[in-house]
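Since the structure comes first, as structure tokens, the remarks are kept for the end.
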Amino acid sequence: MGTALVTGASRGIGRAIALRLAGDGYDVIAVARSQDELDSLCAEITKSGRKCRALALDITDAAAVSRALRNESVDVLVNNAGVGIIKPFAEMSLDEWNTMLDVNVNALYHVTHALLPRMLERGSGHVCTIGSISGRSAYVGGAAYSGTKAFVTAWAESLMLEVRGRGVKVSVVAPGGVATEFSGHTVTDADLWKLAAEDVAGAVAQVIATPPDVLIHRMEVRTLTPPPSKSAK
Ligand code: NJP
């Protein structure tokens with residue numbers, strides 16, 4: 001199947017994607033800042049018979065990303081790492097704003113720009129980025145986060161048009177609410193209505209597994225369960 005590099009693989013959706021793609025036969029390069037969590041993920045994948053390499057990396061550090069990925073050639077890149085500082089724009093500090101832009105937007109440049117050239121040379125590859133239904137659905141506190149996820153949609157569609165003729169696929173998987181520790185959240189029974197990280201991993205696996213000349217460019221994933229209304233709480 002080849003090699004898949006997954007960013008944000010230390011926990012949550014990225015960890016589930018790494019495990020799922022390993023289960024589907026990919027060797028994995030697992031990227032995030034938390035070495036211990038990456039090591040434990042790789043131990044789990046190795047035990048199941050596939051290769052896994054932990055790459056502890058801050059993907060907002062352009063020079064470090066370029067150094068680390070310069071010689072890597074991967075078949076699949078999953079841009080999953082993301083942060084969500086959810087608060088009204090007027091209360092958002094410049095540091096918070098910059099963090100959101102650095103991880104959710106600028107790191108797409110650093111990581112994708114480092115790996116895309118080899119895909120283009122080879123004439124094959126898949127860049128799959130985790131977006132969000134927030135990218136097209138406004139809500140209070142979402143000005144910055146929704147903005148970054150709207151960027152993902154627009155960036156990925158243009159990139160897809162630029163590279164599909166050269167054998168490289170570009171996709172966005174946009175979930176609704178997922179029960180993870182995203183944005184400092186603690187998962188409790190109140191999150192049971194949400195998607196599981198494994199549901200999103202399944203969607204990514206499906207998007208990647210299409211026949212050579214077929215591309216699922218955008219997939220939105222939701223549960224059948226509506227979120228509990230505020231009045232019901
Ligand atoms: O989030 P979380 P999710 N350099 O916080 C990594 C989107 N999404 O799995 O560096 C490198 O559990 C961080 O690793 P570490 C969301 O926008 C979610 O829920 O070790 N890595 C960790 O592995 C995001 O794009 C929901 O701290 C960095 C990972 O990112 C994706 O799904 C709904 C990093 C974050 O894990 C995964 O989110 C939706 C850096 N500088 C879209 N900064 C949802 N959960 O409800 C962070 O629509 N990471």
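Indexing begins at 1, ligand by ligand and atom by atom, following the structure's order.
For atom 20 (O) of ligand 1, the closest non-hydrogen atom on the protein side is Ser34 OG, 2.5 Å. In this structure, the protein non-hydrogen atom closest to atom 49 (N) of ligand 1 is Ala81 CB, 3.9 Å. Looking at atom 6 (C) of ligand 1, its nearest protein heavy atom turns out to be Gly8 CA, 3.6 Å. Nearest protein heavy-atom contact of atom 12 (O) of ligand 1 is Arg11 NE, 3.2 Å. In terms of protein heavy-atom proximity, atom 4 (N) of ligand 1 is nearest to Ile59 N, 3.0 Å. For atom 38 (O) of ligand 1, the closest non-hydrogen atom on the protein side is Phe182 CD1, 3.8 Å. Looking from atom 47 (C) of ligand 1 to the surrounding protein, the closest heavy atom is Arg33 NH2, 3.6 Å. Nearest protein neighbour of atom 17 (O) of ligand 1, counting heavy atoms only, is Tyr145 OH, 2.6 Å.
Interface atoms of ligand 1 facing Asp58, defined by a heavy-atom separation under 4.0 Å, are 4 (N), 40 (C), 41 (N). Of all atoms in ligand 1, numbered sequentially from 1 with element shown, those under 4.0 Å from a heavy atom of Gly176 are 33 (C), 39 (C), 48 (O). Within ligand 1, the atoms closer than 4.0 Å to a non-hydrogen atom of Thr60 are 41 (N), numbered from 1 in the order shown. Atoms of ligand 1 found under 4.0 Å from any heavy atom of Leu57, numbered from 1 in the order shown, are 4 (N), 11 (C). Atoms of ligand 1 found under 4.0 Å from any heavy atom of Gly131, numbered from 1 in the order shown, are 42 (C).
At under 3.5 Å, not a single nitrogen or oxygen of Gly12, backbone or side chain, sits near a nitrogen or oxygen of ligand 1. At a 3.5 angstrom cut-off on N or O pairs, Val83 does not count as close to ligand 1. Here's the thing with Lys149: one of its N/O atoms is less than 3.5 angstrom from an N/O atom of ligand 1. For ligand 1, the polar-atom distance check finds no N/O of Gly177 at less than 3.5 Å from any of the ligand's N/O atoms.
Between Phe182 and Tyr145, a ring centre-to-centre spacing shorter than 6.0 Å is recorded.
Remark: the backbone N or O of Thr3 is not paired with any side-chain donor or acceptor of Asp27 at under 3.5 angstrom. Of the possible donor and acceptor atoms, none in the side chain of Arg218 sits under 3.5 Å from a partner among the backbone N and O of Val173. Between the side chain of Asn104 and the main chain of Val83, a donor-acceptor pair closer than 3.5 Å is present. Under a 3.5 Å cut-off, the side chain of Lys169 and the backbone N or O of His217 do not form any donor-acceptor pair.
Leu215 is listed as a side-chain neighbour of Ser171, based on a closest heavy-atom distance under 4.5 Å. Side-chain contact between Leu101 and Phe151: absent, with no pair of heavy atoms (C-beta onward) separated by less than 4.5 Å. Using a 4.5 Å heavy-atom cutoff, the side chains of Trp97 and Ile85 are not in contact. Side-chain atoms of Val76 and Val204, non-hydrogen and from C-beta on, never get closer than 4.5 Å to each other.
In Arg15, neither the side chain nor the backbone holds a heavy atom less than 4.0 Å from any atom of ligand 1. At a 4.0 Å heavy-atom cut-off, ligand 1 touches Thr180 through the side chain alone.
Around atom 13 (C) of ligand 1, the closest heavy atom drawn from Ala56, Ser10, Gly82 belongs to Ser10. Taking all heavy atoms of Ile130, Val178, Asn80 into account, the minimum distance to atom 25 (O) of ligand 1 is reached by Asn80.
The pair Glu44-Arg50 does not count as a salt bridge, with every side-chain nitrogen at least 4.0 angstrom from each carboxylate oxygen. Under a 4.0 Å N-O distance rule, the pair Arg15/Glu198 does not qualify as a salt bridge.
Two different hydrophobic clusters hold Leu69 and Val78 under the rule that ILVMFWY side chains link at heavy-atom gaps under 4.5 Å.
When the shell of 6.0 Å around CZ of Arg122 is examined, it contains more than 12 heavy atoms from other residues, nucleotides or ligands.
The closest approach between Pro175 and ligand 1 falls below 4.0 Å for a heavy atom of the residue.
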